[in-house]
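Below is one structure, written out as structure tokens, with a few remarks after it.
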Amino acid sequence: MNNKMKFITPLLLGATLTLTGCNFLNKQAEPKQEQAQQEASQQAKEVAQIMEIQALNAITLQVTFSEPLPEEAVKVENLDAIQKDYTFNHNLGIVNVPRLKIGSKSTYIFPVTVQQPDTTYTLSYKGGEAQIFEGSDEKINVSQTKQVANDTFEIESFKEQGVTDYSNIIEAYKDARGDQSFLVNDENKDESGKQYQVISSLRDRVVTLTAEDGEEMQASYVLFTQAADRRQAPKFRLPEGRTLRPGMQYTVTSDWATVNNPTFTATEIAPLTIKVVEPIDDKSLQVTLDRDPGMELFAGRSVELQGDDGEKIQAQYRYSSRKGAVGIFDVKEGTLKSGGTYQVAPLNNWATAANITLKAK
């Protein structure tokens with residue numbers, strides 16, 4: 001009997017210690033769990049909440065938050081991550097970063113994909129409470145369209161007619177826009193009571209171009225052209241390799257804009273002429289044209305550089321680098337060989353370059 005007791009006692013002692021240890025660990029874990037829950041709750045409180053949503057037109061929302069969004073939440077370089085912060089139903093989504101309105105603390109212009117009429121949408125930010133809004137079928141009023149290159153045309157609207165580009169009413173561009181910037185209230189009326197339609201970012205937008213013989217093409221927006229040179233005349237370019245046929249009449253239509261004078265007859269427009277190409281460093285070069293192309297017609301353009309050894313390198317225009325007739329182009333892949341000589345050839349015939357060479361540094 002004593003031997004049995006001697007054997008059982010260590011077992012009981014071990015079990016007691018095990019249970020005590022478990023209880024001790026559980027007690028240790030409980031404060032950590034509570035702390036994690038408190039931190040999660042605090043983080044949720046710190047995230048701005050959507051307070052109000054207004055659908056201004058088919059591609060533009062106006063969203064008011066409980067507090068201003070942090071700087072990281074409005075940086076263009078963070079667009080991919082920012083897009084994931086906003087959850088819509090019915091496959092709606094933002095196409096560029098939110099922009100704070102001039103004079104506002106937390107009301108932003110949101111560019112979105114095209115809304116469908118008679119559709120109830122929901123939007124939540126970073127998992128917060130979803131807010132409801134009705135989709136808008138209001139199209140932006142555009143005055144006219146005009147060909148500007150053999151593969152490019154513009155559609156123009158006017159502030160005087162009650163249409164403003166968003167760049168005129170947001171804080172981010174206020175200093176750069178100068179006297180073009182102005183204040184509108186939550187109903188997008190200026191101090192005189194004039195109502196404005198707001199054109200939000202046109203990134204990734206397309207319009208349809210239909211020839212009089214029935215041919216249809218999708219033309220894509222050319223970045224940074226929607227409000228340049230003091231005009232609201234965004235450029236749209238045909239698919240690569242396609243050009244407008246001289247003498248053919250074309251009509252522009254869109255699911256987000258109504259063009260009052262939508263038709264133009266294509267003409268043969270002489271391409272730009274490259275006069276000089278000079279190196280900046282082994283990854284970039286400066287291209288000088290015979291004239292100022294205006295309105296970022298450099299945008300989206302590329303040149304091919306062929307070295308004496310037959311190697312071909314492509315360089316693409318650096319957006320917003322134009323100064324008059326001069327623009328900067330960046331090498332896509334690789335580098336320019338020191339001292340190498342390259343023959344310059346514009347791709348897709350946007351310009352001519354007769355015997356133009358580049359001597360690398």
*Could you go step by step and tell me if Lys146 and Glu156 meet the salt bridge (charged side-chain N to carboxylate O under 4.0 Å, His left out) rule?*
CA-CA 8 Å; Lys146 176 186 175 183; Glu156 187 171 18; over 6 Å; no

*side-chain hydrogen bond (donor to acceptor under 3.5 Å, both in side chains) between Gln314 and Lys332: does it pass, once the steps are laid out?*
CA-CA 6 Å; Gln314 285 190 20; Lys332 289 183 179 180; 3.2 Å; yes

Less than 4.5 Å apart, side chain to side chain, heavy atoms only: is that true for [X] and [Y]?
X: Arg301; Y: Val287; answer: no
X: Ser157; Y: Ile140; answer: no
X: Gln62; Y: Asn188; answer: yes
X: Thr225; Y: Phe236; answer: no
X: Thr265; Y: Thr267; answer: no
X: Tyr173; Y: Gln180; answer: no
X: Glu268; Y: Asn150; answer: yes
X: Tyr121; Y: Leu123; answer: no

*asked:* Nearest 0.5 angstrom please: Met51 CE to Thr64 OG1, how far?
replied: 9.0 Å

*For residues Asp282 and Val331, report the shortest heavy-atom separation together with the two atoms involved.*
O-CG2, 4.4 Å

*asked:* If you count every heavy atom of other residues, nucleotides or ligands that lies below 6.0 Å from Glu72 atom CD, does the total exceed 12?
replied: yes

*Taking atom CD of Glu77 as the centre, report whether more than 12 heavy atoms of other residues, nucleotides or ligands fall under 6.0 Å from it.*
yes

*Spell out, yes or no, whether Leu289 and Leu347 are grouped together once hydrophobic residues are joined by side-chain heavy atoms under 4.5 Å, including indirect joins.*
no

*Classify the ring geometry between Phe110 and Tyr86 as parallel (under 30°), tilted (30 to 60°) or perpendicular (over 60°).*
perpendicular

*When the ring planes of Tyr319 and Phe224 are compared, do they come out parallel, tilted or perpendicular, using 30° and 60° as the limits?*
tilted

Ignoring hydrogens and geometry beyond distance, is a side-chain donor-acceptor pair present between [X] and [Y] at under 3.5 Å?
X: Glu134; Y: Thr120; value: yes
X: Thr210; Y: Glu215; value: no
X: Thr152; Y: Arg237; value: yes

Using a strict threshold of under 4.0 Å (side-chain N to carboxylate O), is an ion pair present between [Y] and [X]?
X: Arg177; Y: Asp165; value: no
X: Arg230; Y: Asp179; value: yes
X: Asp308; Y: Lys337; value: no
X: Asp190; Y: Lys159; value: no

*Verify whether the ring centers belonging to Phe65 and Tyr125 lie closer than 6.0 Å.*
yes

_Would you say the ring centers of Tyr196 and Phe182 fall short of 6.0 Å from each other?_
yes

*Would you please test Glu154 and Thr145 for side-chain hydrogen bond (donor to acceptor under 3.5 Å, both in side chains) and show each step?*
CA-CA 5 Å; Glu154 67 182 21; Thr145 185; over 6 Å; no

*If only atom types and distance count, is the side chain of Gln306 paired as donor or acceptor with the main-chain N or O of Ile313 below 3.5 Å?*
no

